[in-house]
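Along the sequence shown, residues are numbered consecutively beginning with 1. Atoms within a ligand are numbered from 1 in the order they appear, just like the ligands themselves.
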Amino acid sequence: MPQLRSGVRRGRRPTATAPLRDTDKGKAARKKATGRTAGKGTARKRNNNVVSGNKDIEVVVVEDGAERNDDAALTGVALVKVGNNNTRVEEVGEEVAEKMDECDSGGRGSDKGLGADDEGSTAPVPERVQVGGSPAYRVEKKLGKGGFGQVYVGRRINSPNPNERTGPGAVEVALKFEHRSSKGCNYGPPYEWQVYSALGGSHGIPRVHYKGRQNDYYIMVMDMLGPSLWDVWNNNSHTMSIEMVACIAIEAISILEKLHSRGYVHGDVKPENFLLGPPGTPDEKKLFLVDLGLAVRWRDNSTGLHVDYDQRPDVFRGTVRYASAHAHLGRTGSRRDDLESLAYTLIFLLRGRLPWQGYQGDNKGFLVCKKKMSTSPEALCCLCPAPFRQFVEYVVNLKFDEGPNYAKCISLFDGIVGPNPDLRPINTEGAQKLICQVGRKRARLMMDDDNEEEEDWQPKKKVRMGMPATQWISVYNARRPMKQRYHYNVADVRLDQHIVKGNADGLYISSVASCSNLWALIMDAGTGFSAQVYELSPNFLPKDWIMEQWEKSYYISAIAGANNGSSLVVMSKGTQYLQQSYKVSESFPFKWINKKWREGFYVTAMATAGTRWAIVMSRGTGFSDQVVELDFLYPSEGIHRRWEAGYRITSTAATSDQTALVLSIPRRRPSDETQETLRTSAFPSVHVKEKWAKNLYIASVCYGRTVS
Ligand SMILES: Nc1ncnc2c1ncn2[C@@H]1O[C@H](COP(=O)(O)OP(=O)(O)OP(=O)(O)O)[C@@H](O)[C@H]1O
């Protein structure tokens, strides 16, 4: 069954006259299109000589194998040819990730990445510390080291009360050192200080008593805590009882609820960042969450509104093993991400391993995210009690701005732990308070005859199922009635005859796609082109041919690639483009796109061949802004959010792993901005006709990954 996506409609509908259209059988048009004939450079494969001297053309060609081809990972090199002569080498892609898991083989501290090379991690820390009006401390044993700082025991020198255990006068404190040259201190004191000022001492967050700079180090004096959950798991032969993990779930959810209620998301939830209180003290069964260096606001402080949705596929924040799939994909962090990371933390503690451990190399983040998306909650939680699966299912299906039902999540695990809170291996006091609060609120709601609390726990459409599927994605725009024609399952040898016939009928190719090494071809009378050429090539893409056509002032208007590596490139005259570049890459080249955006280029065509991507970017497009939605499944939520913000899909492409949609804001808005999308297993031949009947015409089509 096709899955109909409701589209957006803005502005007036034009007064409809019956649209003119052909069928896939290549029938003659019922009426000749508006007097246009195939232009002077008639749409045929041609081999004219190169005309030199066109200074407006910039060519960016990254040939297969000419670079590391891994834009998503680190730096690559692109050959940039300006005009006909000057070739220079350009660095493309900069390191954007803030913290990454560099070695995922397990082991404490080994999965914390950036910052390890900072001067701060090698320069010796002072032997004596006194900052911000604090007492003087002697620096003792090292407690831990992360990507940003190092944490040591601080022992008060000349303590008036040697029994003072906590608070500003405590004999023993934790000292977190960050070198002034470390990545987190580029603009002064570590960002984490601000977050601790806002959150320190709130339920489950340790208190910071003093902070200040001493010589080269920024130093934070905080409550001394005990082992992390990773330490406990590691010291217990890599196991943890179900009851212990269920208690951790209960208390961790209540800590996150409190942190979220203050407008923040933590951004790096993992076993290493949950610490117990110091052993042998009344807090030894109490859970704390540390490391607020990646915390961000999900709620704007001044407006009180949820922050805006965005996706920057080159930005990764967090730890690879536990990061949410949305974090991998560079989506703005929100409450759902902390809960997804908590779910992975719990499963890790319970099962001792996550299915995406062990990947290495430059594209590790990609492989881990792909595995996360294709692992169903059932597979992830097999052998775990049902509440764990229910929790995973709930959190991976949360929407960007959805308020999680924390109390309901806690109640899932409540049945696993013993009834007497005093006998539980982890103190669940905070969660008890939350459940009581919610209970009181619910009682009030029930008196008001309002059952809102329960609504968000109703079964909803599951987004992540763990079952990969490939489909056709077709995009339809409202247009004045016009002639449009499609062909699909077209073998190489049949292409020419369809194109010649279309041209004779006044049609030009507007989109191309490929499925199973057969081509799909959309031709219509609404392109505005005056001439068109095309090339069917065994290469992805045919560089020499493209450069020849560029010299003759043709610009790439549509591209498609087949699994066998061949490509179909369509170049046209009459586009509004002024300059064009393209890049072929092994992974989606978001860094390159980002760089070209800054130079005034916009994506105007995309294609894939197997796992490779080709992106064409042009100047003079008439777009005022552009964004990318990239996902391991059809990014339905992202598209709806972009639609609401005024974007419309302008290019699509998909591999068998990922779908990419480029959405743009046109400088001149059409009177009817209706756009709809459709996902179908077979080419949507019947559906296209239904769309035509509503004056909706195919604007873009591709075949690839839609379901995970
Ligand atoms: N208050 C504390 N008491 C005891 N140990 C602590 C305390 N704070 C941190 N630690 C230890 O130091 C380690 C590193 O601390 P933290 O996570 O804050 O540093 P980081 O550099 O920000 O780490 P990351 O790379 O995870 O961001 C923790 O995993 C923990 O073992």
Side-chain angles (χ1 to χ4, degrees), residues 97-104 107-118 120-122 125 129 137 139-155 165-168 170-179 182-185 189-196 199-201 204-211 217-235 266-281 283-284 286-296 316-323 327 338 341 345:
E98 299 208 6
K99 283 210 291 190
M100 276 193 67
D101 183 348
E102 288 194 334
C103 164
D104 201 26
R108 175 73 192 279
S110 62
D111 58 350
K112 298 176 185 177
L114 301 182
D117 295 327
D118 291 344
S121 55
T122 49
V125 296
V129 161
Y137 302 99
V139 179
E140 294 188 342
K141 194 177 96 179
K142 189 170 185 170
L143 289 167
K145 176 175 174 290
F148 287 75
Q150 311 174 61
V151 182
Y152 284 80
V153 174
R155 184 161 308 279
R165 203 182 48 80
T166 54
V171 177
E172 211 177 48
V173 291
L175 302 170
K176 182 163 179 177
F177 293 87
E178 282 191 60
H179 196 270
S182 89
K183 282 197 176 72
C185 303
Y191 163 77
E192 188 179 19
W193 284 17
Q194 275 177 45
V195 189
Y196 265 112
L199 299 176
I205 309 290
R207 244 176 239 288
V208 170
H209 300 294
Y210 309 96
K211 48 190 184 299
Y217 278 102
Y218 288 103
I219 306 167
M220 203 162 64
V221 180
M222 57 198 301
D223 280 339
M224 179 71 181
L225 300 174
S228 72
L229 293 183
W230 195 92
D231 295 326
V232 176
W233 170 86
N234 193 40
N235 295 335
H266 182 273
D268 198 16
V269 169
K270 57 181 176 182
E272 292 89 326
N273 283 341
F274 282 109
L275 269 53
L276 295 172
T281 71
D283 283 346
E284 70 178 347
K286 208 169 159 197
L287 197 61
F288 294 87
L289 183 56
V290 298
D291 189 3
L292 303 181
L294 288 185
V296 289
F316 174 75
R317 293 162 63 92
T319 302
V320 172
R321 190 186 293 175
Y322 305 99
D338 279 348
S341 295
T345 297

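Each of the following atoms of ligand 1 lies closer than 4.0 Å to a heavy atom of L275: 2 (C), 4 (C), 5 (N), 6 (C), 7 (C), 10 (N). Atoms of ligand 1 found under 4.0 Å from any heavy atom of E272 (numbered from 1 in listed order, with element): 29 (O). Contact atoms of ligand 1 toward K270: 26 (O) (distance under 4.0 Å to a heavy atom of the residue).
With sequence neighbours left out, Y152 forms a ring-ring contact (aromatic ring centres under 6.0 Å, His included) with F177. Residues satisfying the side chain to side chain contact (heavy atoms under 4.5 Å, CB included) criterion with A323, sequence neighbours excluded, are F316, A327, H328, K372.
Between F148 and ligand 1, at least one pair of N/O atoms sits closer than 3.5 Å. Taking any N or O of A174, backbone or side chain, none lies under 3.5 Å from an N or O belonging to ligand 1. In terms of polar-atom proximity, defined here as any N/O pair under 3.5 Å, S228 makes no such contact with ligand 1.
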Checking K142 against Q150 for the side-chain contact (heavy atoms from CB on, under 4.5 Å) test, could you report, in this order, the C-alpha distance in whole Å, the side-chain angles of both residues, the deciding distance, and whether it holds? CA-CA 8 Å; K142 189 170 185 170; Q150 311 174 61; 3.4 Å; yes
For a side-chain contact (heavy atoms from CB on, under 4.5 Å) check, start with the C-alpha distance between Y196 and I205, then their side-chain angles and the critical distance, and finish with the verdict. CA-CA 8 Å; Y196 265 112; I205 309 290; 3.8 Å; yes
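At a threshold of 4.5 Å between non-hydrogen side-chain atoms, the residues E272 and T319 do not count as touching. Between H266 and L199, the closest side-chain pair of non-hydrogen atoms is not below 4.5 Å.
Each of T345, D268, V269 was scored for a side chain to side chain contact (heavy atoms under 4.5 Å, CB included) with Y322, with one residue passing: T345.
Of all the listed residues (E192, M224, K176), K176 holds the heavy atom that lies closest to atom 20 (P) of ligand 1. Of the candidates V290, T319, D223, D291, it is D223 that places a heavy atom closest to atom 1 (N) of ligand 1.
Contact annotation for L225 and ligand 1: heavy atoms of both the backbone and the side chain come within less than 4.0 Å of the ligand.
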